[in-house]
Amino acid sequence: MQETVKLVLGIDLCDDITQVTVMRPHAAEPAAVCFDVRTRNEFLPTRLRLGQNGEWEIGETPQSGSKTLPPFFHAAAVGTEVKDGDTVYSGRELLECYVSLLIEKIRERFCEQEIGFVAVTCEEANTKETVRHMLYEIFGEKEGFSERCLVLSHLEAFLHFAIRQEEGLWKNGSAAFEYTTEGLLFYSMECRSTGGRRLLLADYKDYSEIISAGFATEGETGQRTLAFERLAETALQQKAVSLFVTGRGFEGDWAADVLRFLSGGRRVFHGQNLYTQGACYAGTEEFGQERNVDFSLLMPEQITADIYLIAENTAQEDGILMAKTGEEYRKVRAEAEVLLDATDKLTFRIVPAGVAVPVVIRVTQKNPELRGDRTSRYRIRLFFAERNLMVIQLKETGFGEFYPPSDRIYEELVDLSQLEL
């Protein structure tokens with residue numbers, strides 16, 4: 001019996017357009033899905049129209065007896081409604097309807113082949129965890145892909161796309177500008193490698209307040225070009241070997257001179273299928289149809305080092321693990337109690353991700369009134385104010401009935417980004 005061919009889909013959902021790619025078994029890379037063979041158009045409008053028979057259809061081209069609804073994806077993402085005249089629709093319900101029609105279209109397009117896995121990406125997932133949950137519910141539960149779907153942010157999709165390119169394009173860093181309907185976004189990736197293990201440190205910046213979607217009205221093109229040139233120089237201070245620009249906001253030639261300038265010393269690529277291909281690569285790996293890529297991904301909210309508190313003059317050489325690489329920095333809340341005398345110092349061993357040699361820092365008591373020339377007990381609290389800004393907090397808890405707590409607190413800030421790694 002012939003084995004059923006199972007496809008992996010990559011779907012990029014935006015407020016205005018949807019793109020779909022497909023990975024067939026043993027294929028080297030995803031292929032774009034065109035639903036109109038005549039036009040070879042790879043973009044499907046993220047729009048619904050109500051046909052004259054009262055049934056929903058995908059599309060925005062007016063047809064006799066039908067009407068097209070306003071955009072709904074952003075409304076679904078933030079949990080609001082869509083108004084069409086006197087009629088009010090739930091954004092989520094419209095999205096559910098759209099996804100159902102989209103999957104139906106894909107199945108018609110590949111009628112002899114089964115969909116094995118679906119990977120979905122959208123820009124809103126960069127910052128809204130609720131969007132991930134919503135898409136998992138819609139694709140997993142409503143569309144029957146439970147345990148066979150993956151939801152990614154555009155940042156994650158970019159990373160998966162970048163590392164599937166030739167290694168010379170990303171091993172020394174890669175970045176991407178996305179010009180969406182909301183404005184300009186920037187993604188970057190730093191690769192660290194040691195002992196055969198690769199770590200990808202991701203970063204994300206929203207520049208939509210500087211270059212918004214409505215920034216470039218006709219007559220302001222020069223102003224937008226200058227703003228983009230200055231912003232790009234700032235964002236790319238740490239030189240990336242490759243730069244990708246994507247999004248319909250880059251259509252036209254307003255950024256051509258800037259991109260030519262940025263191509264000095266790096267390779268620049270301009271395309272519109274970066275995220276849907278990245279999602280497809282990630283889905284293929286998750287589905288198990290290709291060998292796993294050896295890397296660990298650290299997102300912007302995750303810390304980049306293991307932090308140990310060393311108990312000096314004891315047999316405990318490794319120390320106490322206070323924070324671990326990959327933890328979300330806002331959730332790090334570690335405590336320990338230590339005894340200090342007049343000569344002791346607190347020692348922390350910091351093991352950055354991908355670095356073989358750890359960094360050792362010592363916290364000395366800078367306020368003699370806090371402890372004085374005697375042994376005392378301290379509660380050590382460790383937390384992060386930012387991803388790379390570690391806070392070490394000491395509070396004296398006293399030592400026996402003769403030395404009650406002073407309730408004084410001492411803090412030391414450690415900027416991990418400034419350590420020599």
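In this text the structure is predicted, and so the values were computed from the model without any measurement.
Here the side chain of Trp170 pairs a donor or acceptor atom with the backbone of Gln165 at under 3.5 angstrom. Proximity of a side-chain donor or acceptor of Arg109 to a complementary backbone N or O of Cys34 within less than 3.5 Å is detected. Checked by atom type and distance alone, the side chain of Thr21 pairs as donor or acceptor with a backbone atom of Thr276 at under 3.5 Å. Of the possible polar contacts, none joining the Asn388 side chain to the Leu416 backbone as a donor-acceptor pair under 3.5 Å is found. Side chain of Thr284 to main chain of Cys280: a donor-acceptor pair is present (N/O by atom type, distance under 3.5 Å, no hydrogens or angles). Under a 3.5 Å cut-off, the side chain of Arg381 and the backbone N or O of Gln393 do not form any donor-acceptor pair.
Using a 4.5 Å heavy-atom cutoff, the side chains of Val414 and Phe348 are not in contact. A heavy-atom distance below 4.5 Å is not found between the side chains of Val22 and Gln113. Annotation: side chain of Met23 is not in contact with side chain of Phe287 (no heavy-atom distance under 4.5 Å). Side-chain contact between Leu150 and Tyr136 is present, with heavy atoms from C-beta onward closer than 4.5 Å. Side-chain contact between Ile380 and Leu394 is present, with heavy atoms from C-beta onward closer than 4.5 Å.
Below 30°, between 30° and 60°, or above 60°: for Tyr275 and His154 the angle between ring planes is below 30°, a parallel geometry.
If you run side chain to side chain contact (heavy atoms under 4.5 Å, CB included) between Leu231 and each of Leu184, Val258, Leu226, only Leu184 comes through.
Distance check: Leu155 CG to Glu178 CD gives 10.5 Å after rounding to the nearest 0.5 Å. For the atom pair Leu13 CG and Leu44 CG, the distance stands at 10.0 Å (nearest 0.5 Å). Atom CD1 of Ile210 and atom NZ of Lys205 lie 11.0 Å apart (nearest 0.5 Å). With rounding to the nearest 0.5 angstrom, the CG atom of Asp203 is 10.0 Å from the CD atom of Glu190. A distance of 6.0 Å separates CD of Glu143 from CD1 of Ile103, quoted to the nearest 0.5 Å. To the nearest 0.5 Å, atoms CZ (Phe117) and CZ (Phe139) are separated by 12.0 Å.
Lys324 has no carboxylate O lying under 4.0 Å from a charged side-chain N of Glu327, or vice versa, which leaves the two without a salt bridge. Comment: Arg107 does not engage Glu104 in a salt bridge, judged by the lack of any side-chain N to carboxylate O separation of less than 4.0 angstrom.
Taking the ring centre of Phe110 as origin, the terminal cationic atom of Arg24 falls outside the region bounded by 6.0 Å and 45° from the ring axis.
The 12-atom threshold is exceeded at CD of Glu129, counting heavy atoms of other residues, nucleotides or ligands nearer than 6.0 Å. In the displayed structure, Arg333 atom CZ is contacted under 6.0 Å by more than 12 heavy atoms of other residues, nucleotides or ligands.
In the model, Thr18 has a side-chain atom that pairs as donor or acceptor with a side-chain atom of Tyr98 under 3.5 Å. Between Asp12 and Thr121, the side chains place no donor N or O within less than 3.5 Å of an acceptor N or O (distance only, hydrogens not considered).
Here Phe269 pairs with Leu169, Ser242, Phe244, Arg267 under the side-chain contact (heavy atoms from CB on, under 4.5 Å) rule; sequence neighbours left out.
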- Query: Could you go step by step and tell me if Trp56 and Tyr89 meet the ring pair (Phe, Tyr, Trp, His ring centres under 6.0 Å) rule?
  - Reply: CA-CA 13 Å; Trp56 291 109; Tyr89 300 94; 5.7 Å; yes
- Might you work through the ring pair (Phe, Tyr, Trp, His ring centres under 6.0 Å) test for Phe250 and Phe228, ending with a clear yes or no? CA-CA 11 Å; Phe250 280 110; Phe228 177 56; 5.6 Å; yes
